[in-house]
Amino acid sequence: MKGWILDLYPDLNSGKMVIWLKGKTGCYRLREDYEPTFYVHSSKNSLERMRTHYEKRDFKTEFVRRKTDLYSNSKRKLLAVTPGKVFDPRNQLQAISFFEGFNKYRFYNVDIPLDQRYLIEKNIKPFSLVEKDNGWKSLEKETTIRYSKPPLRKTYLETESKSSSYRKKEDELESIKVDEEEIKGKESDILEELNEMITRKDPDILLTSSGDIFEIPYLVHRAEINDIDLKLGRKRSFHPPKSGSWYESYGRIIYKAPFYPLKGRVHIDIESSFLFGEGGVEGLIEASRISKVPMQRLSRRSPGSLINAMEVEKALEKGYLIPWKKNISEDFKDSIHLIKADRGGHIFEPEVGLHKGVVKMDFASMYPSIIDKYNLSPETLGCDCDNYREVPDLGYRVCKDKRGIIPKVVEPLIERRQKYKQLEDKNSIFEKRADILKWLLVTCFGYTGYKKARFNSIEVHESITAYGREILLRAAELAQKLGFDVIHGIVDSLWLKGDKAKVETLQRKVKEKTELKLEKEGVYDWIVFVESRAGGVGALNHYYGVFEGELEVKGLYLKRNDTPDYFKEVQKEILEELKEIKDEEVVESIMMDIIEIVKRKRNELKNREIDLEKLLFTKTTSRKAEDYKHVNEMKSALVQYKDIGFTRSPGQSVEYIVKDSKSSDVREKVKIKEKDPQFYDTAYYEDYLYRVVEEILSPFGYDRKAIKKTART
DNA sequence: GCAACTGAACTACCA
DNA sequence: ACTGGTAGTTCAGTTGCG
């Protein structure tokens, strides 16, 4: 049987792997035997006891010698245990550790997701053409970028309910939209017709726009009430109501929606999926193939977790066993906390004000290229062999002989991305694949410094940035020697003023000296670096200009998610005026026009002529209402959400207008969108107007006070 | 008693 | 279950002044 793997998952009840194979004519469900082995290290007596215990249960056991430690090649004696079925040993092992002491045992290969492990061991990928008879056989070339794809049917599902300002499970269904078709009428009829329609369309991918947060559990609930058997998957699946969770990642709180997978069909919640947002279905296919994580689970995961998946694969390939994460955190935590000399990337402070004829140059995928070129990986660092290289500034020794795990992960990502970037097609498929690979590349660096990561290493993280600083400084030096002015530089980018004819010479010299490719991104007609409010220095990453004929803005209010739309529009309007800055003489007349705009905006605000929607602040909460230390806008908003029974979890966003900025009454300070606010604090919003204008005009000598004064005359 | 100042708390963006 | 670095606002407490 030939086809493409659409999804797979372990079925712990039957002890088999379930694989959904999409063929040219249909989609088939296969159930396969799978016997994953796990390993235990302990004292001789304990292992003997354990062996007896598992043999009584008819598990296969065997003593073996395997590599367990990334940092040495010596092998240890271990007990290999193979249950005759798909099996998750973690709960059991937790209990054993609890009764007999946590340090007594070390477990290996117990927490690699079974679907991914199955694919690795059978050497096949999701969405790649395979043949199944007795075993699995891949029918495509390993590194191909022009791979065949299954004929995929995609359906978009959207529901609407009879509700007022926010949606609840109790609201009756108003209508359902399936692609372009709308189903209306009695709720039970709607649901019956939905079943029919899904069966008729038989999609492979079901897209929703907040299925995990609301729509799937909602539909399940409505179907239950109407006593209808809802069939969203190709096979029935059970969807108990779940609530979302949240977790903290370095001070940032991220909300995690519950997961409602379908059987035999890939459900993607496009709102909850970061990776879908970056590369669409095409991006997910590419990511799924390269990481061997099935699409349905992959769509909910972060780039970091895919990097972890790929690192695990490379480690297994090299013959290492993967220690249970529980053990890892105990062993490695302290060493990670001790060293904190990490300096990050280098920065050339920007020169505040207007510049013309600036070229932007950058190193493509600088950090990943450094990992690749200099072979940086936890197990290649601190090498004691003779063939080594030293990290600049830090002096760490890096092995030149054995290729590291992380470089092995990064190399194909860089190569594939480069190939995709050179290709063009009318549906931008290659572009989407390149976009998703970019995210994996960026994350690869951050993950080396992430303390909960399996293959982290502060020394590797430091080394990458040390090389990065060295390379950026060398490039800047070379640029200066050629007569360029370094206007600004950060991590992997340089803004240069000078003779454009010399750009190619610069590129050649940089390549000779650093081995990395410095690319010319383009030319600014003009660029303005904004002044920092804290002092007269340039604010890093805050600038605007006309780049290759298009307006480019970084870091301004306009780019922030928590800026009300109204102020974003004000900044846009002002920037449109500024587009005409060709020489200093027109500056004055442009300023006059801008002042007129500001006056008009001020009057609109004062006279309450603005649609309140445009004045809404949207912010992401980081904690529960009661955990905010001050009576601030967030607390105020959260309390009101609770009032109406629409509780928001940390990591979810709130929307509100500022009703009385100075008030310390949580029900007066702001008013949430769902309470249909009518009034806003005009003084507060007026002040906000002057702020957003100041941000753009400060390099031309207008501060907040001056703008306020002029606008009010 | 109020304005001015300061530092912590907080959200968000940059590469 | 990606990083460090930085900008800018708001809040609450303290200081300075008359």
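In the text below, chain A, chain B and the rest are named by the order of the sequence lines, each starting its count at 1. Note that the coordinates shown come from a computational prediction; the quantities given were computed from them, not determined experimentally.
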* Ignoring the backbone of A:V491, work out which of B:dT11, B:dA15, C:dC2 is nearest its side chain. => B:dA15

* To do: For A:S493, answer base if it contacts any base atom (sugar-phosphate contacts may also be present), sugar-phosphate if it contacts only those atoms, and nothing otherwise; contact means non-hydrogen atoms under 4.0 Å.
  => sugar-phosphate

* Asked: Choosing from B:dC10, B:dC13, C:dA1, which nucleotide comes nearest the side chain of A:S302?
  -> C:dA1

* Contact under 4.0 Å: A:Y557 side-chain N or O vs C:dG8 OP1/OP2 -> no

* Among C:dT10, C:dC2, C:dG4, the one nearest A:W439 by side-chain distance -> C:dC2

* Contact under 4.0 Å: A:K554 side-chain N or O vs B:dA15 OP1/OP2 -> yes

* Asked: Of A:H630 and A:E694, whose nearest nucleotide on DNA chain C comes first from the 5' end?
  -> A:E694

* Classify the angle between the aromatic ring planes of A:Y543 and A:H488 as parallel (below 30°), tilted (30 to 60°) or perpendicular (above 60°). => perpendicular

* Asked: Which part of the nucleic acid does A:F274 contact within heavy-atom distance under 4.0 Å: base, sugar-phosphate only, or nothing?
  -> nothing

* Asked: Do the side-chain N or O atoms of A:R623 get closer than 4.0 angstrom to the phosphate oxygens (OP1, OP2) of B:dA9?
  -> no

* To do: Write down the distance between NZ (A:K360) and P (B:dC14), rounded to a whole number of angstrom.
  => 11 Å

* Is the phosphate of B:dA12, meaning OP1 or OP2, less than 4.0 Å from a side-chain N or O of A:T620? -> yes

* Pick out which of A:I464, A:V410, A:L440, A:L413 makes a side-chain contact (heavy atoms from CB on, under 4.5 Å) with A:P368. => A:V410

* In the strands shown, is C:dA7 matched to any nucleotide by a Watson-Crick or G-U wobble pair with both distances under 3.5 Å, and which? -> B:dT11

* **A:F679, CZ atom: more than 12 neighbouring heavy atoms under 6.0 Å** => no

* Under-4.0 Å side-chain N/O to phosphate OP1/OP2 contact, A:R469 with C:dG4 -> no

* So, is A:S622 close to the B:dT11 phosphate, meaning a side-chain N or O under 4.0 Å from OP1 or OP2? -> yes

* Looking at C:dC11, B:dA15, B:dA12, which one has an atom nearest to any side-chain atom of A:D492? -> B:dA15

* To do: Quick one: label A:Y628 by what it contacts on the DNA or RNA (base, sugar-phosphate, nothing), any heavy atom closer than 4.0 Å.
  => sugar-phosphate

* What's the closest nucleotide to the A:Y450 side chain, out of B:dA15, B:dC14, C:dC2? -> C:dC2

* Is the phosphate of C:dG8, meaning OP1 or OP2, less than 4.0 Å from a side-chain N or O of A:R704? -> no

* Aromatic rings A:Y367 and A:F445: how do their planes relate, parallel, tilted or perpendicular, breaks at 30° and 60°? -> tilted

* Without hydrogens or angle criteria, can the side chains of A:Y641 and A:E674 be said to hold a donor-acceptor pair below 3.5 Å? -> yes

* So which nucleotide from C:dT9, B:dC13, C:dC2 ends up closest to the side chain of A:N561? -> B:dC13

* A:K669 side chain near C:dC11 phosphate (N/O to OP1/OP2, under 4.0 Å) -> yes

* Asked: Does A:Y543 make a side-chain N or O approach to OP1 or OP2 of B:dC13 shorter than 4.0 Å?
  -> no

* Asked: Quick one: which of B:dT11, C:dC2, C:dA12 gets closest to the side chain of A:K619?
  -> B:dT11

